[in-house]
Chemist: 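Just passing along the structure, written as structure tokens.
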Amino acid sequence: MLQKNGKSRITNKHKAIGIIFTALGILLFAYMVKKAGFAEIVSGIRRLGFAFLIIFALGGARQAIHAVCWVMCCEPPHRLSFIDAFKARLMGEALNIVPLGGLFSEPSKPLFIRDRIPLSVSIPALAIENVFYALSVALFISAGTIALLLSFPLPQSLRYVSIGALIAIVVIVPVGAVVIRKQVRFISGALAFAGNRGVARKKIEDLLPRLRTIEDRIYGFYERNHSRFFLILLIEMGFHLAGVMEAYITLLFVSHIVIPTLLAAFILESVNRLINVVFKFIPLRAGVDEGGTGTLAKILGFSTSTGVTLAIVRKARDICWTAVGVVLIVRRGISLRSAARQSEDLAEDLSAPITP
């Protein structure tokens, strides 16, 4: 069982900001539902019917893909089982339903299995998996942006935003590859630079030893697993492929006028990835997903209600899997609040001495 330890580092100001963004998201959600037409959305969901079970299954497959990659990033002599990784992912993702849940979600995953595998092993393994996932997201979003720019006429403002996002990715991906290949201590180096100039010197001094150890494990993994590198990246791309199939199947049932294509599903899913990255701090991306997907669906030739319905179906899938995660948390005798509080203690674990 996770025990609450120490005073929360999330202040009332942080909580207020989280609540404000959540409230704004809910208001935007209500506005988009009204704009798209409540009756149209309900009609689309009815047409989907029991096909939602396919969407639910694909959502589980996507979580399983992340769990497999996490397992593959854990090196001997320690071994992380798939079922432990899968359950930890579901429990961690369940925290996304609370304000600022995005801050707790990732750190909580190793904490849920700290009785099975040391944090000094599970944290670097998860960090490595996140690097692979981030790379796959960058490639997927860039491919979707290129497809959007080449296939559909866009408003000037959206075209500029798309080009800007593509340029940013084109710059970031090669820089990230160089950082890993050259084993540049980018994060610890930047923090050490700040600490040497008097910025949070004591906290940085406590954090640096553990952070450098994590960096060593990440770079060490790259050195020892060249052959596994592209395999893990390929498996991570399966996460996005399942998302495209999810969008395509949903559109097949929901869109009763325009026949969907895999290209349209691909573009919609790539934009959804971007929304998830940018607005992770808003629980379930309430409002922003409906707004972004509804607007893009209109550009792709669908109705706004079709795009909003697609976003709501994705949200329903997330809620169902979140419920599974909450059940797993409750069965372990943990509340959502204590799980979120416990994830804050990861900062203490990062500065504590490393034990095997």
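What you see below is based on every heavy atom in this structure, not just the backbone, and it leaves out hydrogens, waters and symmetry mates. Just so you know, these numbers come straight off a predicted model, no measurement behind them.
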Chemist: With sequence neighbours left out, write down each residue that passes side-chain hydrogen bond (donor to acceptor under 3.5 Å, both in side chains) with Lys298, or none if nothing qualifies.
Modeler: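 None.
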Chemist: Check side-chain hydrogen bond (donor to acceptor under 3.5 Å, both in side chains) between Glu40 and all other residues, then give those that pass, not counting sequence neighbours.
Modeler: none
Chemist: Scan residues 23-37 for pairs that pass side chain to side chain donor-acceptor pair (under 3.5 Å), counting only residues two or more places apart or in two chains.
Modeler: none
Chemist: Under the side-chain hydrogen bond (donor to acceptor under 3.5 Å, both in side chains) rule, collect the residues that match up with Arg47, sequence neighbours excluded.
Modeler: Ser43, His256
Chemist: Quick one: list whatever passes side chain to side chain contact (heavy atoms under 4.5 Å, CB included) with Ile54, sequence neighbours left out.
Modeler: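 Applying side chain to side chain contact (heavy atoms under 4.5 Å, CB included) to Ile54 gives Leu58, Ile249.
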Chemist: side-chain hydrogen bond (donor to acceptor under 3.5 Å, both in side chains) with Tyr133: which residues, sequence neighbours excluded?
Modeler: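 For Tyr133, the residues satisfying side-chain hydrogen bond (donor to acceptor under 3.5 Å, both in side chains) (neighbours in sequence not counted) are Arg273.
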Chemist: Would you give me the side-chain donor-acceptor pairs under 3.5 Å for residues 259-268, sequence neighbours excluded?
Modeler:
| unit_1 | atom_1 | unit_2 | atom_2 | d |
| --- | --- | --- | --- | --- |
| Thr261 | OG1 | Ala264 | N | 3.1 |

Chemist: Which atom pairs, donor and acceptor, lie under 3.5 Å between side-chain atoms of residues 316-330 and protein residues at least two apart or in another chain?
Modeler:
| unit_1 | atom_1 | unit_2 | atom_2 | d |
| --- | --- | --- | --- | --- |
| Arg317 | NE | Glu246 | OE1 | 3.1 |
| Arg317 | NH2 | Glu246 | OE1 | 3.4 |
| Arg317 | NH2 | Glu246 | OE2 | 2.4 |
| Trp321 | NE1 | Phe56 | O | 2.8 |
| Thr322 | OG1 | Asp318 | O | 2.7 |

Chemist: With sequence neighbours left out, write down each residue that passes ring pair (Phe, Tyr, Trp, His ring centres under 6.0 Å) with Phe132, or none if nothing qualifies.
Modeler: Phe229
Chemist: Does anything in residues 79-96 pair up under salt bridge (Lys or Arg N to Asp or Glu O under 4.0 Å), and if so which pairs, sequence neighbours excluded?
Modeler: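 The answer is Asp84-Arg116, Arg89-Glu93, Glu93-Lys109.
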Chemist: Mind checking ring pair (Phe, Tyr, Trp, His ring centres under 6.0 Å) for Phe82 and listing every partner two or more places apart, or none if nothing turns up?
Modeler: Phe86
Chemist: Tell me the side chain to side chain donor-acceptor pair (under 3.5 Å) pairs involving residues 305-314, sequence neighbours left out?
Modeler: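 Every side chain to side chain donor-acceptor pair (under 3.5 Å) pair that includes a residue of residues 305-314, provided the two are not neighbours, is Asp289-Arg314, Thr293-Arg314, Ser303-Ser305, Ser303-Thr306.
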